[in-house]
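I have placed the structure first, in the form of structure tokens, so that the comments after it can refer back to it.
Side chains included, hydrogens not; waters and symmetry mates left out as well; all remaining heavy atoms used.
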Amino acid sequence: ASEQRYRLLTEQNLAGLLRTTVDGRILDCNPAAVRIFGYDDAAELKSRNAAALYFDPEDRTSYVDRIVSRGTAVNVEIEAIRKDGERITLLENGSLWEDDEHGSVIVRTFFDVTDRMRMEAHHRQLQKMEAVGALAAGLAHDFNNILTVIGGYAAELQRELSEGSRTHRYA
């Protein structure tokens, strides 16, 4: 029953799960991790080193250092790379566990938040465009106010000047 609960927890979980050695050897992964990273099956993903999953290898080094020094890392955004080369953003939690067989291991849970990040960036861009539009509308309104005054003075000048004169035409 315990084995069945464990299998259900890992295999049906929507979050990606990886268990790796500190040096990056992937010991276990769940189907969500395989899907998120775009591999064909767990064996293929496990044949890679965890360092190959990071867009910038320095990110993995600092992430692992944080986990080793603190024992955990919570809600860290990681730039990762899928098998097909697509760059993705993961929201990740990791913790250090002791394992009789492998020594210190890192257990990672993560979600692909790439679409959410793109939508947030798009939303920020729309907010910037809205602000520029409001600024342009304000400037146009102020400019229109000035032109109204100029037009009023020009009409007043036309009434004072004789028709057909050059200054009347300019006014």
Side-chain angles (χ1 to χ4, degrees), residues 1-140:
S2 176
E3 176 71 24
Q4 186 178 10
R5 283 192 305 271
Y6 173 76
R7 185 175 296 117
L8 181 66
L9 178 66
T10 58
E11 291 180 5
Q12 299 300 314
N13 200 328
L14 297 177
L17 301 169
L18 285 179
R19 189 171 69 99
T20 67
T21 60
V22 173
D23 66 356
R25 190 164 46 104
I26 299 172
L27 303 171
D28 293 308
C29 62
N30 72 341
V34 173
R35 178 184 46 78
I36 288 169
F37 285 111
Y39 286 88
D40 295 328
D41 55 39
E44 183 182 19
L45 179 57
K46 287 167 55 174
S47 72
R48 305 296 307 235
N49 187 287
L53 305 176
Y54 287 79
F55 184 75
D56 181 354
E58 289 298 316
D59 288 344
R60 180 184 186 280
T61 301
S62 63
Y63 183 67
V64 169
D65 289 347
R66 182 185 311 178
I67 292 173
V68 168
S69 66
R70 299 180 188 170
T72 188
V74 178
N75 293 334
V76 178
E77 283 185 13
I78 301 285
E79 292 295 316
I81 191 158
R82 290 171 44 90
K83 177 185 173 184
D84 63 6
E86 180 186 354
R87 191 172 173 172
I88 58 174
T89 303
L90 303 178
L91 184 63
E92 186 165 324
N93 296 305
S95 57
L96 191 64
W97 291 14
E98 289 302 318
D99 179 280
D100 291 338
E101 184 179 349
H102 302 287
S104 295
V105 296
I106 297 172
V107 177
R108 303 166 50 185
T109 60
F110 49 89
F111 287 98
D112 182 351
V113 294
T114 307
D115 290 338
R116 187 189 86 196
M117 299 299 284
R118 286 181 185 147
M119 287 176 27
E120 287 175 0
H122 182 68
H123 181 69
R124 281 191 301 276
Q125 185 65 27
L126 288 176
Q127 286 177 321
K128 288 177 189 175
M129 290 172 62
E130 182 181 0
V132 168
L135 177 64
L139 288 173

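Each of Val105, Val107, Ile67 was evaluated against Leu96; a single residue qualifies, Ile67, per the side-chain contact (heavy atoms from CB on, under 4.5 Å) test.
When every heavy atom of Thr114 is checked against every heavy atom of Thr89, the shortest pair comes out as OG1-N, 2.8 Å. Annotation for Val22 and Ser104: closest pair CG2-O, 3.6 Å, computed over non-hydrogen atoms. When every heavy atom of Ala50 is checked against every heavy atom of Tyr54, the shortest pair comes out as O-CD1, 3.2 Å. Residues Leu14 and Ala32 share a closest heavy-atom pair of O-CB, 3.6 Å. Of all non-hydrogen atoms in Asn49 and Ile26, the two that sit nearest each other are C-CD1, 4.4 Å.
Residues Leu45 and Leu18 have side chains in contact (heavy-atom distance under 4.5 Å, counting atoms from C-beta outward). A heavy-atom distance below 4.5 Å is not found between the side chains of Ile81 and Arg87. No side-chain heavy atom of Asn93 sits less than 4.5 Å from a side-chain heavy atom of Thr72.
Here the CZ atom belonging to Arg19 is positioned 5.0 Å from the CG atom belonging to Asp99, to the nearest 0.5 angstrom. Ile36 CD1 to Phe110 CZ: the interatomic distance, rounded to the nearest 0.5 Å, is 5.0 Å. The structure places CG of Asn30 at 6.0 Å from CG of Asn13, a figure rounded to the nearest 0.5 Å. Separating the CG atom in Asp41 from the NZ atom in Lys46 is a distance of 10.0 Å, to the nearest 0.5 Å. Tyr39 OH to Asp84 CG: the interatomic distance, rounded to the nearest 0.5 Å, is 9.5 Å. Note: Thr20 OG1 to Arg48 CZ = 14.5 Å, rounded to the nearest 0.5 Å.
For Arg35 and Asp112, the salt-bridge test fails: no basic side-chain N is under 4.0 Å from an acidic carboxylate O.
Residue Gln127 places its CD atom among more than 12 non-hydrogen atoms of other residues, nucleotides or ligands, all under 6.0 Å distant.
Evaluation of the side-chain hydrogen bond (donor to acceptor under 3.5 Å, both in side chains) test over residues 55-66, restricted to residues two or more places apart or in two chains, returns Tyr63-Glu92.
No donor-acceptor pair closer than 3.5 Å links the side chain of Asp28 to the backbone N or O of Leu17. Within the 3.5 Å criterion, the main-chain N or O of Asp40 finds a donor-acceptor partner in the side chain of Glu44.
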